[in-house]
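All remarks here apply to the structure that follows.
Computed over heavy atoms, backbone and side chain alike; hydrogens, waters and symmetry mates excluded. In this text the structure is predicted, and so the values were computed from the model without any measurement. Below, chain A is the first sequence line, B the second, and so on; all start at residue 1.
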Amino acid sequence: MALRFYNTLSQQVEPFEPQDGKTVRMYTCGPTVYHYVHIGNLRTFTFQDLLRRWLLYRGFELQHVMNITDVEDKIIRKAMEEGKTIQQYTSQYETAFLEDMDRLRMQRPERLVRATEHIPEMVEAIEKLAAGGYTYTSDGSVYYRISKFPDYGKLSHIDVSGQRAGARVDVDEYDKADARDFVLWKGRRDGEPYWDSSLGAGRPGWHIECSAMAMKYLGDTLDIHAGGIDLTFPHHENEIAQAEAVSGKPFARYWLHAEHLMVESQKMAKSLGNFYTLRDLLEGGYEPEVIRYLLASVPYRKKLNFTFDGLRAAATALERLRNYKLRLETGKFSGDANSAALDATQKARAAFDEALDDDLNTAEALGAIFEFVRETNTAMDEGKFGAGNAKPAQELLDHFDSIFDVLRPKQKEGAICDAEVEALIAERTQAKKTRNFARSDEIRGLLAGKGIVLEDTKDGVRWKRK
RNA sequence: GGCGCGGUAGCCAAGUGGUAAGGCAGAGGUCUGCAAAACCUUUAUUCGGGGGUUCGAUUCCCCCCCGCGCCUCCA
């Protein structure tokens with residue numbers, strides 16, 4: 001079956017095809033840069049990265065835009081507390097975010113766009129909404145009048161008619177005519193950053209940035225809009241209300257939402273002391289690739305229960321795959337391709353692709369890979385894996401890694417170089433020939449101290465960095 | 001209360017109207033100077049509970065129990 005995704009809009013799995021059949025226009029909600037992103041954020045971004053890669057593998061061209069929210073209540077408050085401008089305050093976290101992306105091997109979207117660099121676009125969108133009668137002004141702020149947009153609620157499947165005006169406390173501290181309404185433009189307040197505009201001095205509301213930037217770079221109708229599940233309402237619902245009121249066209253064809261990550265079965269929260277950033281985990285000695293593997297291994301629509309046991313299990317599982325890769329690269333295989341091993345490889349490849357086509361079922365895709373690894377390992381043990389089997393196997397592994405991107409660990413700084421390792425291995429081999437096991441073990445220990453693991457195999461010594 | 005997601009072996013987790021992938025952990029074994037790596041066997045007569053439909057349900061329907069999320073700015 002062809003590529004398909006679960007669409008929040010229809011609440012069904014639907015075949016996917018970009019509107020022009022060729023280029024996927026995708027917008028994903030990026031971070032609000034008021035702190036380091038946490039592993040829950042990274043789970044969502046990992047999903048977006050897998051999505052990117054799979055779309056590219058499937059032959060589509062990709063125009064992927066990710067926003068960076070760099071003006072927002074919390075940012076303003078924090079920046080003011082620290083006596084910084086919001087740019088000074090956010091730039092450190094934006095840089096940190098990009099570093100985190102790199103460490104987790106996330107590809108950069110075609111465009112990363114900052115909210116503060118698109119104020120005119122947002123003002124223009126709000127003006128259009130105003131012209132259409134979708135807005136009202138109260139106390140210097142501009143609001144979206146939800147009652148003007150009959151489709152409101154179609155994404156989150158929430159019936160807003162039951163929510164009465166004024167039923168809830170106005171946490172925004174701005175006056176609204178209806179509790180359901182949301183702010184498009186916040187009037188200037190003392191001490192806060194603001195922009196002068198035809199709407200008056202002020203700053204944009206959160207939701208308008210995504211609608212305005214998405215439409216600017218991707219057109220009125222996106223193919224895919226993705227983000228965390230908690231953004232479904234109200235953020236994405238509001239984006240739809242804004243964009244569709246402006247353009248009169250559907251805003252996005254497919255809405256994909258990643259489920260949350262839990263920590264030890266609990267919601268991650270600073271108050272629970274289970275709030276982790278990537279930095280926290282790296283300081284704990286966990287490899288970024290292991291973290292990526294763990295985040296990628298649970299299908300995106302399922303809650304991911306993050307535990308340190310799980311992280312250790314991921315490390316072991318990943319090591320198994322890397323051992324296999326090493327065996328494939330260093331093993332001496334001879335003879336023609338064994339047909340059973342070839343079948344196993346082809347079968348795994350088909351199963352892997354089919355699993356990812358099926359709404360990015362990464363768990364099933366991994367299952368196919370591990371099965372392939374076991375079957376071909378057995379074949380190697382039994383001498384039923386010929387030289388002709390190595391290439392297809394290698395290609396499958398490369399294919400896997402072009403999506404998961406976890407097999408090649410980053411070389412550590414100051415590590416012993418290959419030549420030195422090889423020289424010591426040669427000496428050890430000599431020592432073994434003369435049955436000088438004391439020296440042989442000494443060299444093994446020496447290398448182990450430098451993070452090098454030796455394995456004696458029938459084809460010679462195999463070594464790896466750990 | 002409304003909307004949504006989920007409850008599958010010790011843990012993580014896939015899955016289908018026809019009788020349970022895969023990973024981790026555990027136990028035993030093969031191999032081995034040692035150490036690894038790898039492989040084999042073993043670990044769910046059963047898929048939260050109870051009804052129903054069916055020749056047959058973990059998979060469809062109904063009810064119940066439990067966990068979690070959203071319901072105004074949290075990925």
Self-check item: Sugar-phosphate only, base, or nothing, as touched by A:Ser156 at under 4.0 Å among non-hydrogen atoms
Solution: sugar-phosphate
Quiz prompt | A:Ser10 and A:Glu14 side chains, donor-acceptor separation under 3.5 Å | solution = yes
Quiz prompt | No-hydrogen, no-angle side-chain donor-acceptor test under 3.5 Å, A:Asn7 and A:Gln12 | solution = no
Quiz item: Going by modelled atom types, is there a donor-acceptor pair between the base of B:rG23 and the side chain of A:Thr316 at under 3.5 Å?
Solution: no
Practice problem: Round to a whole Å and report the spacing from CG of A:Leu318 to P of B:rG23. | Solution: 14 Å
Practice problem: Produce a footprint string for nucleotides 26-31 of chain B: one letter per nucleotide, 5' end first; B if the base is under 4.0 Å from any protein heavy atom, S if only the sugar-phosphate is, - if neither. | Solution: ------
Quiz item: Between A:Arg465 and A:Asp418, does at least one N-O distance fall below 4.0 Å, as a salt bridge requires?
Solution: yes
Practice problem: To the nearest 0.5 Å, tell me how far A:Tyr6 OH sits from A:Tyr300 OH. | Solution: 9.0 Å
Exercise. Figure out the CD/C1' separation between A:Glu264 and B:rC11, and round it to whole Å.
Key: 11 Å
Exercise. Could you tell me whether A:Arg327 and A:Asp459 have a side-chain N and a carboxylate O separated by less than 4.0 Å?
Key: no
Self-check item: Sugar-phosphate, base or nothing in reach of A:Glu72, heavy atoms under 4.0 Å
Solution: sugar-phosphate
Exercise. Determine the interatomic distance between C1' on B:rC71 and the same-named atom on B:rG51; round to the nearest Å.
Key: 33 Å
Exercise. Report the distance from atom CG of A:Leu104 to atom P of B:rA75, rounded to the nearest whole Å.
Key: 17 Å
Quiz item: Just wondering, do A:His236 and A:His257 contact through their side chains at under 4.5 Å, heavy atoms?
Solution: yes
Quiz item: Quick one: A:Phe97 CZ to B:rA75 C1', roughly how many Å, whole number?
Solution: 11 Å
Quiz item: With a 6.0 Å cut-off on ring centres, are A:His225 and A:Phe251 close enough?
Solution: yes
Quiz item: Taking only N and O in the side chain of A:Asn377, is any of them less than 4.0 Å away from OP1 or OP2 of B:rA37?
Solution: no
Quiz item: When the distance from NE2 of A:His257 to C1' of B:rC74 is rounded to whole Å, what number comes out?
Solution: 13 Å
Practice problem: Indicate whether any N or O donor in one side chain lies under 3.5 Å from an N or O acceptor in the other, for A:Tyr324 and A:Thr376. | Solution: yes
Quiz item: Residues from residues 428-438 of chain A sitting under 4.0 Å of RNA chain B, heavy atoms only?
Solution: A:Arg428, A:Lys432, A:Phe437
Self-check item: Toward the 5' end of RNA chain B, by each residue's nearest nucleotide, A:Leu321 or A:His207
Solution: A:Leu321
Quiz item: With rounding to whole Å, what would you report as the distance between B:rA37 and B:rU43 at their C1' atoms?
Solution: 24 Å
Quiz item: With nearest nucleotides of RNA chain B determined for A:Pro234 and A:Leu231 from heavy-atom distances, which residue corresponds to the more 5′ nucleotide?
Solution: A:Pro234
Quiz prompt | Selection from B:rC40, B:rG4, B:rC34 that lies nearest to any side-chain heavy atom of A:Arg444 | solution = B:rC34
Quiz item: When the C1' atoms of B:rG15 and B:rA38 are considered, how many whole Å apart are they?
Solution: 28 Å
Quiz item: What distance, rounded to whole Å, do you find between the two P atoms, one in B:rA20 and one in B:rU58?
Solution: 11 Å
Quiz item: Can you check the A:Tyr6 OH to B:rC5 C1' distance for me, whole Å?
Solution: 9 Å
Under 3.5 Å, which protein N or O atoms sit close to an N or O of nucleotides 46-48 of chain B? Give each pair with its distance.
none

Self-check item: Residues A:His235 and A:Asp230: side-chain donor-acceptor under 3.5 angstrom
Solution: no
Quiz item: What integer distance in Å separates A:Ile229:CD1 from B:rC71:P?
Solution: 12 Å
Exercise. Could you check whether A:His38 gets within reach of a base, just the sugar-phosphate, or nothing at all, counting any heavy atom under 4.0 Å?
Key: base
Quiz item: A:Asp357 and A:Trp54: side-chain donor and acceptor closer than 3.5 Å?
Solution: yes
Quiz item: Between A:Tyr136 and A:Tyr134, does the ring centre distance come in under 6.0 Å?
Solution: no
Quiz prompt | Polar side chain donor-acceptor pair, A:Thr378 to A:Asp381, under 3.5 angstrom | solution = no
Quiz item: How would you label the contact of A:Gln266 with the nucleic acid (heavy atoms, under 4.0 Å): base, sugar-phosphate, or nothing?
Solution: nothing
Could I get a table of every N or O pair under 3.5 Å where one atom is in the protein and the other is in nucleotides 13-22 of chain B?
| unit_1 | atom_1 | unit_2 | atom_2 | d |
| --- | --- | --- | --- | --- |
| B:rA14 | OP2 | A:Lys302 | NZ | 2.9 |
| B:rA14 | O3' | A:Asn361 | ND2 | 2.9 |
| B:rA14 | O2' | A:Glu364 | OE1 | 3.3 |
| B:rG15 | OP1 | A:Asn361 | ND2 | 2.7 |
| B:rA21 | O2' | A:Glu371 | OE1 | 3.3 |
| B:rG22 | OP1 | A:Arg374 | NH2 | 3.3 |

Quiz item: Would you say a side-chain N or O of A:Asn41 is under 4.0 Å from OP1 or OP2 of B:rA75?
Solution: yes
Quiz item: Heavy atoms under 4.0 Å, any strand shown: does A:Gly310 hit a base, just sugar-phosphate, or nothing?
Solution: nothing
Practice problem: Both distances under 3.5 Å, Watson-Crick or G-U wobble: report the partner of B:rG26, or none. | Solution: B:rU42
Self-check item: Proximity to RNA chain B (any heavy atom under 4.0 Å), residues of residues 454-466 of chain A only
Solution: A:Leu454, A:Glu455, A:Asp456, A:Arg462
Quiz item: Which part of the nucleic acid, if any, lies within contact of A:Met380, taking any heavy atom under 4.0 Å across all strands shown: a base, the sugar-phosphate backbone alone, or nothing?
Solution: nothing
Exercise. Would you indicate what A:Asn323 reaches in the nucleic acid, counting non-hydrogen atoms under 4.0 angstrom: base, sugar-phosphate, or nothing?
Key: sugar-phosphate
Quiz prompt | Rounded distance in Å - NE2 (A:His260) to P (B:rC71) | solution = 10 Å
Exercise. Using the P atom on both, measure B:rC74 against B:rG69 and round to a whole Å.
Key: 16 Å
Quiz item: A:Leu311 and A:Ile291: side chain to side chain contact (heavy atoms under 4.5 Å, CB included), yes or no, with the steps?
Solution: CA-CA 7 Å; A:Leu311 205 49; A:Ile291 297 165; 4.1 Å; yes
Quiz item: Is there a donor-acceptor contact under 3.5 Å linking the side chains of A:Ser156 and A:Glu237?
Solution: yes
Quiz item: Just checking, any donor-acceptor pair under 3.5 angstrom between side chains of A:Asn323 and A:Lys464?
Solution: yes
Quiz item: So which heavy atom on A:Gly40 is nearest to which on A:Leu261, and how close?
Solution: CA-CB, 4.0 Å
Exercise. Using a cut-off of strictly less than 4.0 Å, decide whether A:Lys74 has a side-chain nitrogen or oxygen near OP1 or OP2 of B:rC74.
Key: yes
Practice problem: Using the P atom as the reference point in each nucleotide, state the distance between B:rA21 and B:rA27 in Å, no decimals. | Solution: 24 Å
Quiz item: Side chains of A:Tyr152 and A:Asn238: donor-acceptor distance under 3.5 Å anywhere?
Solution: yes
For residues 363-372 of chain A, tabulate all N or O donor-acceptor pairs below 3.5 Å that involve a side-chain atom, not counting sequence neighbours.
| unit_1 | atom_1 | unit_2 | atom_2 | d |
| --- | --- | --- | --- | --- |
| A:Glu364 | OE1 | A:Asn361 | ND2 | 3.3 |

